[in-house]
A.B. asks: 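Mind having a look at this structure? Questions to follow.
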Amino acid sequence: MRSSSGQRVSSYQVASVLEKCPNFYFETQKLAIPTNNHQEVLVELDVTGFCGTDLSLAHSYLGPCQTILGHEGVGRISAVGSSCPSEAARVGCLVGAGWIRDACGSCRVCDSDIKDKIRRLEQVLGGRNVPGTLVRYTVIPERYITPLPDGVPSEMLAPVMCAGVTGYEALKVANIATGSWVGIAGAAGEVGSLALSDVK
């Protein structure tokens, strides 16, 4: 594997969270670059966000989690599995890695027309069930990559993968008519500010 600078690499440094409790801390460790299977893509991340859910995981407020947190990752695909037919699954494409990394695909929510797919009964969550995006390389199932537009700085796209989607989903399920007034609590915070962008 070659990094974005063209150097051949097989491992890299990551910041892993240790002592998951109110006194959590990070420690640098060396990891091998993960390998994607035939239905996955390998993404070399440019940036990642770190949100309140990550802090809650590190504090052990949400139960067991991975040592690598993060779920607002943005980067480019560096390897594609042999069974990835999507046009978005091409080497060099800019994609995002969000909170939901995969789902069972067979529960009543997955099989239904329910719009709120976040309520799938069995989910794989970044930072909780699988390593998160506080890494250089991450593996994403092809069906859960999020294609992103070129020309927008990655650091602006990363918060959209969680906070932006949270604000958008709330407005979408509210079924608000065009021209309606909307009150947004906490509009100065990340979720609130991105919800204001969604309203425009």
Side-chain angles (χ1 to χ4, degrees), residues 1-20 24-59 62 64-84 86-103 123-165 190:
M1 173 66 63
R2 293 184 182 277
S3 69
S4 55
S5 63
Q7 295 178 322
R8 184 174 294 279
V9 293
S10 59
S11 62
Y12 63 107
Q13 299 285 339
V14 300
S16 298
V17 66
L18 300 179
E19 300 293 335
K20 292 182 279 268
F24 76 89
Y25 63 96
F26 289 92
E27 186 173 282
T28 302
Q29 297 179 335
K30 185 174 264 190
L31 283 185
I33 294 175
T35 303
N36 57 301
N37 69 29
H38 63 101
Q39 293 181 317
E40 298 172 331
V41 299
L42 178 66
V43 178
E44 184 177 0
L45 295 170
D46 296 325
V47 298
T48 187
F50 191 81
C51 86
T53 301
D54 296 310
L55 284 174
S56 294
L57 288 169
H59 280 105
L62 302 177
C65 68
Q66 299 287 308
T67 58
I68 299 173
L69 303 176
H71 54 268
E72 295 179 346
V74 174
R76 295 193 180 274
I77 296 175
S78 58
V80 178
S82 58
S83 300
C84 294
S86 169
E87 281 298 315
R90 298 288 178 269
V91 172
C93 287
L94 188 68
V95 297
W99 174 234
I100 301 178
R101 288 291 192 91
D102 202 0
Q123 301 173 349
V124 176
L125 306 173
R128 186 168 190 176
N129 308 111
V130 295
T133 55
L134 288 177
V135 291
R136 187 67 177 173
Y137 296 92
T138 192
V139 171
I140 310 173
E142 181 217 13
R143 62 184 179 174
Y144 264 84
I145 57 173
T146 302
L148 297 172
D150 282 306
V152 180
S154 294
E155 58 270 22
M156 292 182 67
L157 292 171
V160 175
M161 296 306 303
C162 180
V165 171
E190 187 178 39

A.B. asks: Going by the rule side chain to side chain donor-acceptor pair (under 3.5 Å), which residues pair with Ser83 if we only count those two or more places apart in sequence or in a different chain?
C.D. replies: His38

A.B. asks: Is there a donor-acceptor pair under 3.5 Å between the side chain of Glu142 and the backbone N or O of Ala89?
C.D. replies: no

A.B. asks: Any idea which heavy atoms bring Tyr12 and Pro34 closest together, and the distance?
C.D. replies: OH-CD, 4.3 Å

A.B. asks: Just by modelled atom types, is the Asn129 backbone N or O under 3.5 Å from a matching donor or acceptor in the Gln66 side chain?
C.D. replies: yes

A.B. asks: For a 4.5 angstrom cut-off between non-hydrogen side-chain atoms, does Ile68 reach Thr138?
C.D. replies: no

A.B. asks: Atom OH of Tyr137 and atom CG of Leu45: how far apart are they, to the nearest 0.5 Å?
C.D. replies: 10.0 Å

A.B. asks: Say whether, by atom type as modelled, one donor and one acceptor occur between the side chain of Arg128 and the main chain of Trp99 under 3.5 angstrom.
C.D. replies: no

A.B. asks: Could you tell me the separation between the CG atom of Leu55 and the CG atom of Leu62, rounded to the nearest 0.5 Å?
C.D. replies: 10.5 Å

A.B. asks: About how many Å separate CG of Leu69 and CZ of Phe26, when rounded to the nearest 0.5 Å?
C.D. replies: 5.5 Å

A.B. asks: Is the closest side-chain heavy-atom distance between Ser154 and Leu94 below 4.5 Å?
C.D. replies: yes

A.B. asks: For a quick test of reading the model, state the closest non-hydrogen atom pair linking Cys93 to Glu87 and the distance between them.
C.D. replies: SG-O, 4.2 Å

A.B. asks: Counting C-beta onward and ignoring hydrogens, is there a side-chain heavy-atom pair between Gln39 and Pro141 closer than 4.5 Å?
C.D. replies: no

A.B. asks: Output the distance between atom OG (Ser16) and atom CG (Leu31), rounded to the nearest 0.5 Å.
C.D. replies: 6.0 Å

A.B. asks: Looking at every heavy atom in both Gly92 and Arg76, which two are closest together, and how far apart are they?
C.D. replies: O-NH1, 2.8 Å

A.B. asks: Taking C-beta and beyond as the side chain, do Val43 and Val95 meet within less than 4.5 Å on heavy atoms?
C.D. replies: yes

A.B. asks: Would you say Glu44 and Ser78 are linked by a side-chain donor-acceptor pair, where the criterion is simply a distance under 3.5 Å?
C.D. replies: no

A.B. asks: Grab the two heavy atoms, one from His71 and one from Gly126, that are nearest each other, plus how far apart they are.
C.D. replies: CB-O, 4.0 Å

A.B. asks: How close do Ile77 and Ala79 get, heavy atom to heavy atom, and via which atoms?
C.D. replies: CG2-O, 3.5 Å

A.B. asks: Once rounded to the nearest 0.5 Å, what's the spacing between atom CG of Leu134 and atom CD of Glu72?
C.D. replies: 10.0 Å

A.B. asks: Distance-only, no hydrogens or angles: does the Asn36 side chain make a donor-acceptor pair with backbone N or O of Val139 under 3.5 Å?
C.D. replies: no

A.B. asks: Side chains of Thr28 and Val14: closer than 4.5 Å at any heavy-atom pair?
C.D. replies: no

A.B. asks: Do Asp46 and Glu155 come close enough that some side-chain heavy atom pair is under 4.5 Å?
C.D. replies: no

A.B. asks: Which distance, rounded to the nearest 0.5 Å, do you find between the CZ of Arg143 and the CD of Glu40?
C.D. replies: 10.5 Å

A.B. asks: Show the nearest heavy-atom pair for residues Cys65 and Gly127, with the distance to one decimal.
C.D. replies: CB-O, 3.4 Å

A.B. asks: With side chains defined as the heavy atoms from C-beta onward, is the minimum distance between Val17 and Asp54 less than 4.5 Å?
C.D. replies: no

